[in-house]
Amino acid sequence: MMGWFTRKNKPEDAVAKADRMMNKGLTGMMMKGLVPKEHREAINQSLDTAKQAQLASSGSLPLTATATVLSVTDTGKLINFDPIVVLVLEVKETGGHTYQRTMETLVSKLQIPRAGDRVGLGQNPANPSELIYMGLLSV
């Protein structure tokens with residue numbers, strides 16, 4: 001029927017769409033007017049975590065360090081039913097430098113790391129001094 005009832009807009013990533021709705025245009029202005037600042041900051045932090053998880057899962061980031069999980073603590077927060085956890089890690093960079101680090105990150109509910117597991121870490125393109133959780137490493 002001449003394309004009247006077909007979808008005209010291009011497919012858009014759900015995280016990018018949520019970011020656009022939250023921070024840009026008329027809906028962004030409405031969010032700023034109606035949602036308290038603390039809640040907007042929490043939503044934007046969750047969006048950033050989801051973007052980092054997307055980058056890590058796409059395989060576009062190189063592995064810059066490995067780490068052994070010392071402890072895992074659940075924060076009680078969920079994004080798409082996947083938990084956000086606090087990991088205490090013993091990090092070993094590719095250059096051999098070893099140190100302890102704590103990070104709050106999104107993990108797959110199917111692959112929640114446990115104490116003693118080895119995980120991969122990548123460099124955050126937006127902030128090169130920050131590491132991103134890349135997932136469990138196979139033994």
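Computed from heavy atoms alone, side chains included, the values below leave out hydrogens, waters and symmetry copies. Counting begins at 1 with the first residue of the sequence.
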**Request:** For V88 and V69, run side chain to side chain contact (heavy atoms under 4.5 Å, CB included): C-alpha distance rounded to whole Å, both residues' side-chain angles, the deciding distance at 0.1 Å, then the answer.
**Result:** CA-CA 6 Å; V88 178; V69 178; over 6 Å; no
**Item:** Pair V119-M134, side chain to side chain contact (heavy atoms under 4.5 Å, CB included): steps then yes or no
**Value:** CA-CA 7 Å; V119 297; M134 304 265 303; over 6 Å; no
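Looking at residues two or more places apart in sequence or on another chain, you find a side-chain contact (heavy atoms from CB on, under 4.5 Å) between M29 and L26. Partners of T27 according to the side-chain contact (heavy atoms from CB on, under 4.5 Å) rule, which considers only residues two or more places apart in sequence or in another chain, are M21. D19 pairs by the salt bridge (charged side-chain N to carboxylate O under 4.0 Å, His left out) definition with K51, not counting sequence neighbours. Partners of I112 by side-chain contact (heavy atoms from CB on, under 4.5 Å), not counting sequence neighbours, listed by chain and number: P83, V107. Not counting sequence neighbours, N80 has no partner by the side-chain contact (heavy atoms from CB on, under 4.5 Å) test. Checked against salt bridge (charged side-chain N to carboxylate O under 4.0 Å, His left out), E104 has the following partners two or more places apart in sequence or in another chain: K77. In this view, T94 satisfies the side-chain hydrogen bond (donor to acceptor under 3.5 Å, both in side chains) rule with no residue, not counting sequence neighbours. For K92, the salt bridge (charged side-chain N to carboxylate O under 4.0 Å, His left out) test picks out no residue, with sequence neighbours left out.
Inter-residue side-chain proximity for E90 and T98 is flagged as met; some heavy-atom pair is nearer than 4.5 Å. Q100 is listed as a side-chain neighbour of L70, based on a closest heavy-atom distance under 4.5 Å.
The salt bridge (charged side-chain N to carboxylate O under 4.0 Å, His left out) pairs that include a residue from residues 63-76 number zero, where partners must be two or more places apart or lie in different chains. The ring-ring contact (aromatic ring centres under 6.0 Å, His included) contacts involving residues 99-125 comprise H97-Y99, where partners must be two or more places apart or lie in separate chains.
Here I79 is tied into one hydrophobic group with I84, L106, each link being a pair of ILVMFWY side chains closer than 4.5 Å.
Residues V91 and A65 approach most closely at CG1-CB, 4.0 Å, considering heavy atoms.
Test L121, L131, T102, T68 against L89 for side-chain contact (heavy atoms from CB on, under 4.5 Å) and you get one pass: L121.
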May I have the list of side-chain donor-acceptor pairs in residues 37-47 shorter than 3.5 Å, sequence neighbours left out?
unit_1, atom_1, unit_2, atom_2, d
R40, NH1, K32, O, 3.3
R40, NH1, V35, O, 2.7
N44, OD1, N23, ND2, 3.0
N44, ND2, N23, OD1, 3.4
N44, ND2, R40, O, 3.3
S46, OG, A42, O, 3.1

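Of the possible donor and acceptor atoms, none in the side chain of D82 sits under 3.5 Å from a partner among the backbone N and O of S108.
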